[in-house]
Amino acid sequence: MDISSTSGPLTTIEADWLIVGYGATDSSGELDSPLSDLDEALGGAVSRLVAAGDLTGKLSESHLLADVPGLAAGRLLLVGLGAPGKLTSRKLEKALVSATRRASKSAEVSAAIALPQLNSETISDTEAVSLAAVALQVGCVGQGLYRAKPGRHAFSAATVVSDVEGSAEAVARGSVLGQAMNLTRELVNRGAMEVYPETFADRATAAATECGLECEVLDENRLRDERMGSLMAVAQGSVRPPRVVVLKHNGGGEGAPALAIVGKGVTFDSGGLSLKSNEGMKSMKCDMAGAATMLGAMTAIAKLGLPVNVIGLAGLVENMPDGNSFKLGDVLTARNGKTIEVLNTDAEGRLVLADVLAYAVDLGAERLIDLATLTGACVVALGEEVTGTFSNCDDWSQAVGSAAKQAGELAWPMPMDDLFGDLIKSDVADIKNVGPRWGGAITAAKFLENFVDSTPWVHLDIAGPSFASNNKPHREGGGTGCMVRTLVAAAEGLA
Ligand code: BES
Ligand code: MN
Ligand code: ZN
């Protein structure tokens with residue numbers, strides 16, 4: 001779906017839904033533009049609503065007016081944005097996605113979004129325009145992929161109305177970001193009967209061709225040659241052979257990749273012989289969200305033509321119990337030569353990432369970010385909406401933290417003291433793949449640290465925010481596309 005940008009009086013905008021954001025009206029009852037212009041054209045209809053106390057501008061308050069005389073649009077959906085100046089990108093996103101989700105319930109509907117001047121300290125007007133485009137893309141796509149009657153429909157036409165300078169570029173950028181998030185969401189939302197290592201690799205290859213990324217797929221023979229014994233052990237119990245996808249964006253000319261993005265792509269995590277319960281397993285089609293987030297971000301980085309070299313890697317396996325499964329007590333040798341004692345086959349994500357991180361280091365990456373639905377412990381620590389960040393380098397950790405802030409996504413740094421590393425020492429091998437119960441998100445990160453050498457590295461545990469268990473007015477359940485925008489902002493920071 002393309003999104004266009006336009007300016008001009010709101011009364012002339014032709015769309016089935018015209019979504020207009022407005023700030024809280026002050027005690028004087030004076031309206032800010034664009035509401036004041038609309039009010040004039042509509043013979044005072046808006047100020048009468050204000051006078052009646054129906055329109056206060058409270059955040060996410062909404063008011064639908066249909067068939068308004070004097071208005072070219074079929075419906076006017078007024079969306080409150082709260083106190084002017086206090087708006088944040090997260091609040092704006094909530095309000096706008098609520099509106100676009102509401103408008104996209106029927107097919108063949110067109111939508112336009114207009115925003116007031118924000119005067120916010122935390123979000124610029126061009127960022128807001130960009131966010132409107134994101135909302136148009138993301139809000140009209142749902143998780144009802146397999147329903148006879150889908151719950152949401154792409155808009156037949158989508159427009160952002162703005163006279164802010166640079167709004168055409170901002171709309172284009174938001175549109176690219178929204179589409180990248182939707183690619184991530186779709187891959188997460190599809191079942192494991194469809195998305196397994198080979199089909200994920202095919203999809204990545206197709207996406208790469210479409211946006212001009214170099215793409216290489218390593219099959220099981222190549223993975224053996226590359227000594228990825230840790231990753232291959234996890235795949236052993238599945239009829240689906242493993243794959244590693246390597247994507248390259250060469251925007252920075254000659255030279256080493258400034259950044260490698262590594263994603264955990266466990267296309268289904270049954271737990272293996274350390275089998276999960278039904279409750280624990282039912283959402284485990286989402287365990288490739290790290291890889292899907294990497295892929296979404298790489299397509300956006302390519303489409304935006306960022307002047308920096310970035311590589312993206314996905315470690316793709318299915319974790320299943322079988323006569324051929326890897327077992328407790330097995331000792332694996334990872335690509336970098338370290339040996340790992342397996343004491344829980346459900347701590348498989350770190351085994352996959354170990355080899356792919358080491359491979360990224362060998363490809364010469366100057367900085368690393370990995371993303372993984374790695375631990376339930378991280379969800380216990382930070383809840384369902386905050387990404388845990390873990391790092392071996394304060395500067396790089398802060399850079400990724402500010403990228404998240406800029407992208408309007410929530411991330412929080414966790415401690416990485418050596419005492420946590422001591423908890424995964426093994427009596428028979430260099431390390432074991434699981435520590436004691438407490439601090440489980442951190443011992444998992446300390447495990448990964450063994451495979452990044454001295455490269456500045458940030459691990460993002462997205463077990464909570466990458467997958468939502470229910471629908472909310474402001475976001476669909478299922479894959480969320482979280483951290484796609486943070487990755488793009490982090491890459492931009494290196495450009
Ligand atoms: N994929 C899971 C983590 C997960 C849990 C993701 C909930 C999303 C939602 C991971 O492979 C796993 O099973 N982790 C174990 C680690 C434990 C065995 C040390 C966990 O969190 O219980
Ligand atoms: Mn697991
Ligand atoms: Zn897992």
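We use all heavy atoms of the structure for the numbers below, so side chains are in, but hydrogens, waters and symmetry mates are not. It should be emphasised that the depicted structure is a prediction, and the values quoted were computed from it without experimental measurement. Remember, it's 1-based here, ligands and their atoms both numbered in the order they're listed.
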Count the heavy atoms of every other residue, nucleotide or ligand shown that sit under 6.0 Å from CG of D2, and state whether that count exceeds 12.
no
For atom 2 (C) of ligand 1, the protein heavy atom that lies nearest, with its residue and separation
D269 OD2, 3.6 Å
If you measure from each non-hydrogen atom of D346 to ligand 1, which part falls under 4.0 Å: side chain, backbone, both or neither?
both
To check your reading of the site, what angle at the Zn ion (ligand 3) do OD2 of D287 and OD2 of D269 form, to 10°?
90°
Would you say the side chain of R222 lies within less than 4.5 Å of the side chain of V244, judging by non-hydrogen atoms?
no
Does the protein put any heavy atom within less than 4.0 Å of atom 17 (C) of ligand 1?
no
How does V379 reach ligand 1, by side chain, by backbone, by both or by neither, if only non-hydrogen atoms under 4.0 Å count?
neither
Would you name the N/O/S atom of E348 that lies closest to the Zn ion (ligand 3)?
OE2
Polar contact flag, side-chain donor to acceptor under 3.5 angstrom, R102-S62:
yes
At what distance is the nearest protein heavy atom to atom 22 (O) of ligand 1, and which residue and atom is it?
G376 N, 4.6 Å
So which of V352, L374, D287 gets nearest to atom 3 (C) of ligand 1, if we judge by its closest heavy atom?
L374
Any N/O of M284 closer than 3.5 Å to an N/O of ligand 1?
no
Closer than 4.0 Å: a protein non-hydrogen atom to atom 14 (N) of ligand 1
yes
A student checking ligand 1 against E348 at a 4.0 Å heavy-atom cut-off should list atoms 11 (O)
Which atoms from ligand 1 have a heavy atom of V434 less than 4.0 Å away?
19 (C)
Provide the atom name of the closest N, O or S atom of D269 relative to the Mn ion (ligand 2).
OD2
Just checking: K264, one of its N/O/S atoms, less than 2.8 Å away from the Zn ion (ligand 3), yes or no?
yes
Residue N344 vicinity, atoms of ligand 1 by number, heavy atom under 4.0 Å:
18 (C)
Heavy atoms from other residues, nucleotides or ligands near NZ of K276 exceed 12 (cutoff 6.0 Å):
yes
Backbone N/O of G479 and side chain of N189: donor-acceptor pair under 3.5 Å:
yes
Near K264, which atoms of ligand 1 are under 4.0 Å from a heavy atom of that residue?
1 (N), 10 (C), 11 (O)
With distance as the sole test, does D461 use its side chain to make a donor-acceptor pair with the main-chain N or O of A463 at under 3.5 Å?
yes
T373: numbered ligand 1 atoms lying under 4.0 Å from its heavy atoms
1 (N), 2 (C), 3 (C), 6 (C)
What do you reckon, does T375 have a nitrogen or oxygen under 3.5 Å from a nitrogen or oxygen of ligand 1?
no
Indicate whether the side chain of N319 and that of S270 have a donor and an acceptor atom separated by less than 3.5 Å.
no
Presence of N, O or S from E348 under 2.8 Å of the Mn ion (ligand 2):
yes
Does a sphere of radius 6.0 Å around NZ in K303 hold more than 12 heavy atoms from other residues, nucleotides or ligands, not counting ones at 6.0 Å or beyond?
yes
Distance col, row I462:CD1 vs E409:CD, nearest 0.5 angstrom, shows 10.0 Å
E476/R152 ion pair, N-O < 4.0 Å
yes
Salt-bridged, K446 to D417, with N to O below 4.0 Å?
no
Are any of the side-chain heavy atoms of T387 and T486 separated by less than 4.5 Å?
no
